[in-house]
Amino acid sequence: MAYDGIVISSVINEIKKQCLGGRVVKVQQPGADSIAITVKGYSGQTKIYISVNASLPIVYIADTLPPAPVQAPAFSMLLRKHIGNGRLTDIKQPHFDRVFDFVFEHLDEMGDMCERHLIVEIMGRQSNIILADSDYMIMDCIRRVMPDLTEAVAQDKDSISRILFPGQRYTAPDTQGKTDPMDADLDLKGLFDGKSGPMSKIIYTSLSGFSKGIAEDILDAAGVDSRAGLGDLSEEDKEKVYVLLYKIIECIKQGRFSPYIKYTDSVPKDFHAINVSDTDSDNDVSMSQVLTDYYSNKEKAINVRTKSEDIRKILKSAIERVSKKYDLQLEQLRSTEDRDKYRIYGELLNTYGYSLKGGEKSFTCLNYYDNQEITIPLDDNLSASENSQKYFAKYNKKKRTNAALTEFVAKTKEELDYLLSVRHNLELAETPADVAEIRRELVEAGFIRKSVQKNGKKEKKAEAGEPMHFVSSDGYDIYIGKNNIQNDYLSFEFATGRDLWFHAKQMPGSHVIVKLKASDTGLGSVPDRVFEEAASLAAYYSSGRQAPKVEIDYTERKNLRKPPQAKPGYVIYHTNYSMMAEPKAEIK
């Protein structure tokens, strides 16, 4: 996955088709690191969204835009002054790098036509938006970059040229010796010859705009191992790679893009501007639509991740603390496992101790429990009776400790399992509302301090949100809890006694409920495929989703019990069946 030079070329191609020659009718700055430009052209108004957020730098044609602040920031006011009502005349991509150069014609204060450049660099954490005049003198940036000149001179004189500050001349980022693939005299064979390393690395370090992902896909389409070096390839394999690369470059030059999302197990894993496996393919999907579909989920994930960061820290700290406590208790519990030995010592000394005269350091006798000789260590300052009482006291102490620790270990294990289940549920959270629900759950469980209500009213009890819903191939409704509150709701309020309950065996996971139909007379009347599909979902929505197979317990809802004072999501059952299932995210 990469918003590389090829994707940028595709986005530029789309914006040109809709906006070239159009007039800027609106400039907004929705966030500290984003701007939105609305261009009115022959086909209507087009919204161009530009973000240089370090987590998600991107430019695309948007259907809707985030709301703009009531008071416009200074940078957006500068843009309105210099490109507002201006005409978009060109969009360049210097050196086929990850850079947009929007060229506008605009009337200045004197009524003279002037040129302005809005440059967008998509460079990860160094992404930036720069406004420059016709001579590429910087007027301002959304992020001013003014490094220490003394340090720059000492380390690398060329780094001075990348100062991004008003009054400085703009220079494009260093291409690191890469070749522009749009060069008419491009000779791939001459470019690659003599280079070492994996073939995929040779491609993306030699050609500007080519990412590691696209390089690996190209080699895969050519039937070549991406890890092999240039010298490891036969002349036939080399020719396949060169031919495919030239085809892709020709597609870029002609503007023949075929954007698509690449899925793995029904989960979007990558996106491309060109189908490298079929360079002649074509589709009606725009690159902007692909980016919107792909990144909308990622942006949600980033938002959820941000809102849940404090919960993650609390959980991490709590899990570490409880895990140490659990390990210590287990170690102490193991130290009591030899308690019966001391009871036997005491009994044998009471039985045979009459033969001791005193002052012995050990005593050997027959153990009547296994008819084997046993040697008992003795305190030579104590009598046989006193040694016996000492061993009985030690036995009773270990017995009491074992009884207490057994209860403590069970409670600590329950607490640890609960925290692990919450951590798992946090990974399933898809919206801020899901995170808020988990937060309320942790407040009720006592892991997060309750917020003080200014009006003196009590905080409302956490209510279950909407669980996930699937329909099986045979028309059965399947519901999956995304957190422990939803799990409790599904298992003890929503489900009836005859409904089926699925859960990953002995690991954190979601409760999965299959609602039976009125015509079902029992487990035997439910199609086998329903069990397989529900078990696969239970496996996927568990902490074992990366495993090839997961053991799943299932039973009727009437067999579930919730102990008093048990934490949310905790159930017990003694009647169940088990099956192995392959984790699947959805029903096909």
Side-chain angles (χ1 to χ4, degrees), residues 1-20 30 34-39 41 43-53 55-66 91 93 96-100 102 120-124 127 181 204 209-218 220-221 244 247-303 430 585-586:
M1 176 195 69
Y3 193 87
D4 57 19
I6 301 175
V7 172
I8 286 176
S9 179
S10 179
V11 173
I12 288 175
N13 186 62
E14 290 177 3
I15 297 176
K16 279 186 173 181
K17 286 181 179 178
Q18 297 188 36
C19 302
L20 213 58
S34 63
I35 63 170
I37 300 173
T38 303
V39 179
S43 58
Q45 292 191 355
T46 302
K47 303 177 181 68
I48 304 172
Y49 181 72
I50 302 170
S51 172
V52 289
N53 183 285
S55 302
L56 193 60
I58 192 171
V59 178
Y60 67 98
I61 296 174
D63 295 327
T64 58
L65 296 173
I91 310 174
Q93 187 180 5
F96 203 71
D97 208 348
R98 292 171 296 166
V99 178
F100 293 81
F102 294 88
V120 183
E121 297 181 349
I122 305 296
M123 303 286 178
S127 299
Y204 71 77
F210 279 66
S211 62
K212 180 181 179 181
I214 195 71
E216 290 177 345
D217 283 351
I218 289 169
D220 185 57
L244 187 53
K247 281 185 177 180
I248 292 170
I249 291 170
E250 190 60 30
C251 287
I252 297 170
K253 289 180 177 179
Q254 295 177 6
R256 291 192 295 109
F257 297 98
S258 49
Y260 72 101
I261 296 176
K262 189 176 181 180
Y263 291 87
T264 301
D265 295 332
S266 303
V267 177
K269 292 293 183 183
D270 210 341
F271 61 85
H272 294 297
I274 295 176
N275 189 341
V276 296
S277 300
D278 183 9
T279 53
D280 295 325
S281 66
D282 194 12
N283 59 47
D284 297 329
V285 181
S286 71
M287 190 72 241
S288 292
Q289 187 59 52
V290 165
L291 291 171
T292 301
D293 293 344
Y294 184 87
Y295 278 117
S296 60
N297 292 329
K298 184 167 183 179
E299 196 164 14
K300 285 179 185 177
I302 291 172
N303 191 24
E430 297 177 341
E586 59 182 24

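Just so we're clear, the structure is a prediction, and the values are computed from it rather than from any experiment. By convention here, the first residue in the shown sequence is residue 1.
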Report summary line: For Val7 and Ala273, the nearest pair of non-hydrogen atoms, with its separation, is CA-CB, 4.0 Å
Query raised in the report: What residue among Asp217, Asp270, Asp220 forms salt bridge (Lys or Arg N to Asp or Glu O under 4.0 Å) with Lys262?
Result: Asp217
Report task. Output all residues satisfying salt bridge (Lys or Arg N to Asp or Glu O under 4.0 Å) with Asp97, sequence neighbours left out; order by chain, then residue number. Result -> none
Report summary line: Closest heavy-atom pair, Phe210 versus Ile218, reported as atoms and distance to 0.1 Å, is CE2-CD1, 3.9 Å
Query raised in the report: Is a side-chain donor or acceptor of Tyr3 paired with a backbone partner of Val59 at a separation under 3.5 angstrom?
Result: yes
Query raised in the report: Is there a donor-acceptor pair under 3.5 Å between the side chain of Glu14 and the backbone N or O of Met287?
Result: yes
Query raised in the report: Which pair of non-hydrogen atoms, one from Ile214 and one from Ser211, has the smallest distance, and what is that distance?
Result: CG2-O, 3.2 Å
Query raised in the report: Above 12 or not: heavy atoms from other molecules or residues under 6.0 Å from NZ of Lys16?
Result: yes
Query - Non-hydrogen atoms of Ile8 and Gln93 that approach each other most closely - result: CG2-NE2, 3.6 Å
**Report entry** Sidechain-backbone polar pair: Gln18 side chain, Ser43 backbone, donor-acceptor under 3.5 Å
**Finding:** no
Query raised in the report: About how many Å separate CZ of Arg256 and CG of Asn13, when rounded to the nearest 0.5 Å?
Result: 11.5 Å
Requested in this report: Measure the CD1-CD1 distance between Ile249 and Ile6 for me, rounded to the nearest 0.5 Å.
Outcome: 8.5 Å
Requested in this report: Evaluate the criterion side-chain contact (heavy atoms from CB on, under 4.5 Å) for residue pair Lys47 and Thr64; output intermediate values, then yes/no.
Outcome: CA-CA 8 Å; Lys47 303 177 181 68; Thr64 58; 6.0 Å; no
Report task. Specify the closest pair of heavy atoms between Phe96 and Ser9, including all atoms of both residues, with the distance to one decimal. Result -> CE1-CB, 3.7 Å
Query raised in the report: Does Ile15 reach the side chain of Phe102, with side-chain heavy atoms less than 4.5 Å apart?
Result: yes
Query raised in the report: Should the pair Phe271 and Tyr294 be assigned to parallel (<30°), tilted (30 to 60°) or perpendicular (>60°) ring geometry?
Result: perpendicular
Query - Test side-chain contact (heavy atoms from CB on, under 4.5 Å) applied to Phe100 and Ile50, step by step - result: CA-CA 10 Å; Phe100 293 81; Ile50 302 170; over 6 Å; no
Query - Rounded distance (nearest 0.5 Å) linking atom CD1 of Ile48 with atom CD1 of Ile35 - result: 9.0 Å
Requested in this report: Give, for atom OG of Ser127 and atom CD1 of Ile58, the distance between the pair rounded to the nearest 0.5 Å.
Outcome: 11.0 Å
Requested in this report: Quick one: pull up OG1 in Thr292 and CD1 in Ile61 and give me the separation to the nearest 0.5 Å.
Outcome: 9.5 Å
Report summary line: Correct closest heavy-atom pair for Val276 and Ala221 would be O-CB, 3.8 Å
Report task. Determine the sole option in Pro259, Ser258, Ser288 for which the side chain to side chain contact (heavy atoms under 4.5 Å, CB included) test with Ser10 is passed. Result -> Pro259
Query raised in the report: So Val290 and His272, side-chain contact (heavy atoms from CB on, under 4.5 Å) or not? Walk me through it.
Result: CA-CA 9 Å; Val290 165; His272 294 297; over 6 Å; no
Report task. Indicate, with yes or no, if the rings of Tyr60 and Tyr49 have centres closer together than 6.0 Å. Result -> yes
Query raised in the report: How many angstroms lie between atom CG of Leu56 and atom CD1 of Ile122, to the nearest 0.5 angstrom?
Result: 9.5 Å
